[in-house]
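The structure appears below as structure tokens.
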There are 2 protein chains.
Amino acid sequence: MALIPESVQALIDAFSRLPGIGPRTASRLTFFLLKNESDAGEALAEALTKLKSETAFCPECFNIMSAGKERCDICDSNGRDNDVICVVESPMDVIVLEQSGGYFGKYHVLHGALSPIEGINPEDLRMKELFERVEKGGFTEIIVATNPSMEGDATALYIRRKLDRLPIQFSRLARGLPVGGELEYADPNTLLRALSGRQKF
Amino acid sequence: MALIPESVQALIDAFSRLPGIGPRTASRLTFFLLKNESDAGEALAEALTKLKSETAFCPECFNIMSAGKERCDICDSNGRDNDVICVVESPMDVIVLEQSGGYFGKYHVLHGALSPIEGINPEDLRMKELFERVEKGGFTEIIVATNPSMEGDATALYIRRKLDRLPIQFSRLARGLPVGGELEYADPNTLLRALSGRQKF
């Protein structure tokens with residue numbers, strides 16, 4: 001005797017494949033949609049179907065953009081610094097950097113970070129395209145804004161080694177205490193970085 | 001300048017409509033699907049589309065079942081106690097009760113609990129159908145297994161008041177310490193219930 005109809009189980013399984021969604025959450029979402037009389041499920045199905053057909057990667061910076069465009073809005077813009085390039089791991093990082101309101105240069109989205117353990121090598125990322133862009137010249141600074149993690153650091157070092165011969169300034173985002181955070185909750189590594197990077201005031 | 005393409009934002013919005021999924025989680029899921037090369041997104045879209053067309057509610061107990069059947073497997077089964085009925089709030093509750101392996105009677109799914117604050121009245125639930133089933137006779141016990149919450153308790157009291165004149169035994173699931181739990185983490189209300197319901201051994 002099947003306790004759960006096949007189509008219900010199929011949706012639970014499909015939700016479970018998403019990151020951070022376990023079987024319990026997947027069931028909760030499924031039963032919510034079963035009970036719900038709004039079009040939340042239909043809207044989700046439609047948005048999922050359109051996702052890949054209506055988006056593309058910018059051929060210059062590899063950020064996501066609407067399909068059919070030649071380049072993304074940032075690459076297309078005339079109002080940005082053309083001599084700074086900021087290398088990030090994912091399109092989400094572009095969004096948060098833009099929202100910070102502190103960066104006005106160009107971007108390059110790698111779509112990941114180097115990780116020999118997970119088998120992610122330079123050829124799995126948009127590395128070749130980055131090197132081509134930088135070698136073409138024009139940039140005076142490259143901000144490697146990969147995550148402050150082992151993988152992000154390794155990726156930054158790899159990029160510097162590959163481009164070291166060029167007359168370009170390499171930089172990483174500062175590390176230290178998050179603004180609004182409390183000293184007592186800072187982890188030892190962050191505190192160590194905050195100490196060694198302490199600044200006169 | 002739109003930072004996020006329309007179709008990406010549409011999927012973030014659609015995920016955000018699900019319970020327990022905020023804008024950050026919705027973005028994370030969306031960017032996961034954008035980057036992901038498997039068919040996780042397509043599988044989810046398909047399962048969502050099929051969900052409502054391939055399921056129906058059992059006309060007897062209102063549990064979910066595969067569309068096209070006359071009654072659900074439990075109502076259809078000959079091997080179950082026909083004199084006990086267990087009233088639950090949702091189809092999920094049927095599944096967990098079945099998994100406990102301790103109940104062999106029939107079910108009735110209300111699809112919610114009474115909540116005047118949220119505007120959920122008896123006519124919004126499968127109450128009328130429950131009363132009709134019980135009044136037809138045949139049941140000697142009704143286990144009102146609504147949640148151990150204010151709404152669940154109110155729903156149980158309402159059911160008892162409506163059916164009190166019938167020669168039927170009313171019961172609620174026992175409350176006390178969860179098996180495997182620790183006294184020191186029990187909340188005061190649960191502890192109070194565990195004390196007042198203490199049993200000789």
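Numbers restart at 1 for each chain; the letters A, B, ... are given by sequence-line order, proteins then strands.
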Name the option with the most non-hydrogen atom pairs under 4.5 Å to chain A; the candidates are B:Asp76, B:Ile95, B:Ile64. B:Ile64
Kindly state each residue pair satisfying side chain to side chain donor-acceptor pair (under 3.5 Å) with at least one member in residues 45-61 of chain B, sequence neighbours excluded. B:Glu46-B:Lys50, B:Glu60-B:Arg71
Within residues 6-34 of chain A, residues adjacent to chain B where the heavy-atom gap is under 4.5 Å: A:Glu6, A:Ser7, A:Val8, A:Ala10, A:Leu11, A:Ala14, A:Phe15, A:Arg17, A:Leu18, A:Pro19, A:Ile21, A:Ser27, A:Arg28, A:Leu29, A:Thr30, A:Phe31, A:Phe32, A:Leu33, A:Leu34
When the 4.5 angstrom heavy-atom criterion is applied to B:Ser90 and chain A, the contacting part is neither
Out of curiosity, A:Asp73 CG to B:Ile4 CD1, how far, rounded to the nearest 0.5 Å? 12.0 Å
Checking an interface table here. Which of residues 115-129 of chain A come within a heavy-atom distance under 4.5 Å of chain B? none
Pick from B:Gln99, B:Met65, B:Glu42 with the largest number of heavy-atom pairs that fall under 4.5 Å of chain A: B:Met65
I need the contact set between residues 151-177 of chain A and chain B: heavy-atom distance under 4.5 Å, sorted by residue number. none
Within 6.0 angstrom of B:Glu70 CD, more than 12 heavy atoms from elsewhere: no
